[in-house]
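What follows is a short report on a single structure.
All figures in this text were calculated on a predicted structure; none of them were measured in a lab. Per chain, numbering begins at 1; letters A, B, ... match sequence-line order. Keep in mind that the numbers below use all heavy atoms, side chains included, and drop hydrogens, waters and symmetry copies.
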2 protein chains.
Amino acid sequence: MNIVHIFSGGLDSTTLLYYLLNEGHKVKTISFFYGQKHNKELECSKNIAKKLNIENKLIDLSALKNVFGKSSLTSEIDVPEGHYNDINMKSTVVPNRNMIFLSIAISYAISSNFDAVSIGVHAGDHAIYPDCRPVFINRMKEVAKVSDYNEIDILTPFLDFKKCEIVKIGLELKVPYEMTWTCYRGEEKPCLKCGACTERLEAFKLNNVKDPLLLI
Amino acid sequence: MNIVHIFSGGLDSTTLLYYLLNEGHKVKTISFFYGQKHNKELECSKNIAKKLNIENKLIDLSALKNVFGKSSLTSEIDVPEGHYNDINMKSTVVPNRNMIFLSIAISYAISSNFDAVSIGVHAGDHAIYPDCRPVFINRMKEVAKVSDYNEIDILTPFLDFKKCEIVKIGLELKVPYEMTWTCYRGEEKPCLKCGACTERLEAFKLNNVKDPLLLI
């Protein structure tokens, strides 16, 4: 298939990119700057796409900061520490972000005569992010089919996978995890305390592997 | 209800705005610059919102020009002349535009603790615009309900109406049509030849009224 892949430069979307290429698909990638503090991830998506010699289109959605309200990822509010399931992690929600990203990726797929878009949503995200739930993704798949006169598919092969299972696949595919970025704080080194860091640490630990990013 | 209204400054969305206010809803509006040649419409949405003393948030999506491909509304390709149902009118399609607009309006509704978004899609648009079809809109309504933990509604009271019926409602509501803009070319005066002008002319003619915009 010809696929537009939503590519954050993080662990999940990088693994999914390698997974899709390994399956023989033709892939180009799209990344978004939406005012996130951890825009360091966008350097990662650019560098990984360059390494793989595939397109990475960066779209500036910084105007949406005025729409998102008080998400701690895009406003002056501090990024909380703890586990994703903690109640205080709700401040990291960026309202309807996945629908916005999917709608633009679908537009790009239509104008490129591509068949599908892909996104790295997975089981660990569902607790606090409404737009990562299977019910949301499945309804998006239904509307994508009628967004043009040709059907557009939304591919989410990791939807039922835990993060540790994604890392297991990525290790087999030799994903260069030292080139990815996960921490919500976007400082020089990962903070190892925010929800994103906590989940990434756990996922490598469950695979009995040290995160290559921490070895640099 | 508290509603975020997608407001282009054109005939349909202006009539819908007056219709929603007349029904007693609290409304704020959102408009988009996406590289359209007829960005004159954005002056209209600003002025009409000012007249009504309601919010009009303008979002700059000009970066999406690189996603949309060769739509005649956003590229150097000439806007075609003729009726909406003509095959050459397909160049005016901006791929998946309504899903992009709805996704951002829904995000704004969620961050504002609002109940719904509204959009002026109507029966005349379906022939060439896939994202105006009832099947598309109805599936969008389903996914909007699960875009957050509270349901967000998509209101489309004009979905089954012809343009002349919308004008009929607007004339009763005293919509200031001289303040609206429809022509795809965005020159000083309406061209009266593009699909948008042709349909607008017809709608006023069927109501036995001269378009107030042409009397200025």
### Message
For chain A, which candidate among B/G69, B/A63, B/S147, B/S62 shows the most heavy-atom pairs at distances under 4.5 Å?
### Response
B/S147

### Summary
Applying a strict 4.5 Å limit to non-hydrogen atoms, the region of B/L61 in contact with chain A is side chain

### chain B contact via A/K70 - side chain, backbone, both or neither, heavy atoms under 4.5 Å
neither

### Message
To the closest 0.5 Å, what do you measure between OG (B/S103) and CG (A/N96)?
### Response
6.0 Å

### Task
Report the C-alpha distance between A/M140 and B/M99 in whole Å, list the side-chain angles of each, state the deciding distance to 0.1 Å, and finish with yes or no for side-chain contact (heavy atoms from CB on, under 4.5 Å).
CA-CA 10 Å; A/M140 281 303 296; B/M99 195 197 291; 3.9 Å; yes

### Summary
Ordered numerically, the heavy-atom neighbours of chain A under 4.5 Å found in residues 105-115 of chain B are B/I106, B/S107, B/Y108, B/I110, B/S111

### Query
For the residue pair A/N66 and B/K57, what are the closest heavy atoms and their distance?
O-NZ, 3.2 Å

#### Entry: Nearest-0.5 Å distance that lies between atom CZ in A/R139 and atom CZ in B/R139
12.5 Å

### Task
Identify the heavy atoms of B/I104 and A/V67 that sit nearest to each other, and give their distance.
O-CG1, 3.6 Å

#### Entry: Exercise: identify the closest heavy-atom pair between A/R133 and B/D148
NH2-O, 3.4 Å

### Message
Tell me whether the count of non-hydrogen atoms from other residues, nucleotides or ligands lying under 6.0 Å of NZ in B/K40 goes above 12.
### Response
yes

### Message
With a sphere of 6.0 Å drawn around NZ of A/K141, does it hold more than 12 non-hydrogen atoms of other residues, nucleotides or ligands?
### Response
yes

#### Entry: Atom NZ of A/K162 with >12 non-hydrogen neighbours under 6.0 angstrom
no

### Proximity of residues 25-33 of chain A to chain B, residues having a non-hydrogen atom under 4.5 angstrom
A/I30

### Query
Out of B/V143, B/L64, B/I152, B/N138, which one racks up the most heavy-atom pairs below 4.5 Å with chain A?
B/V143

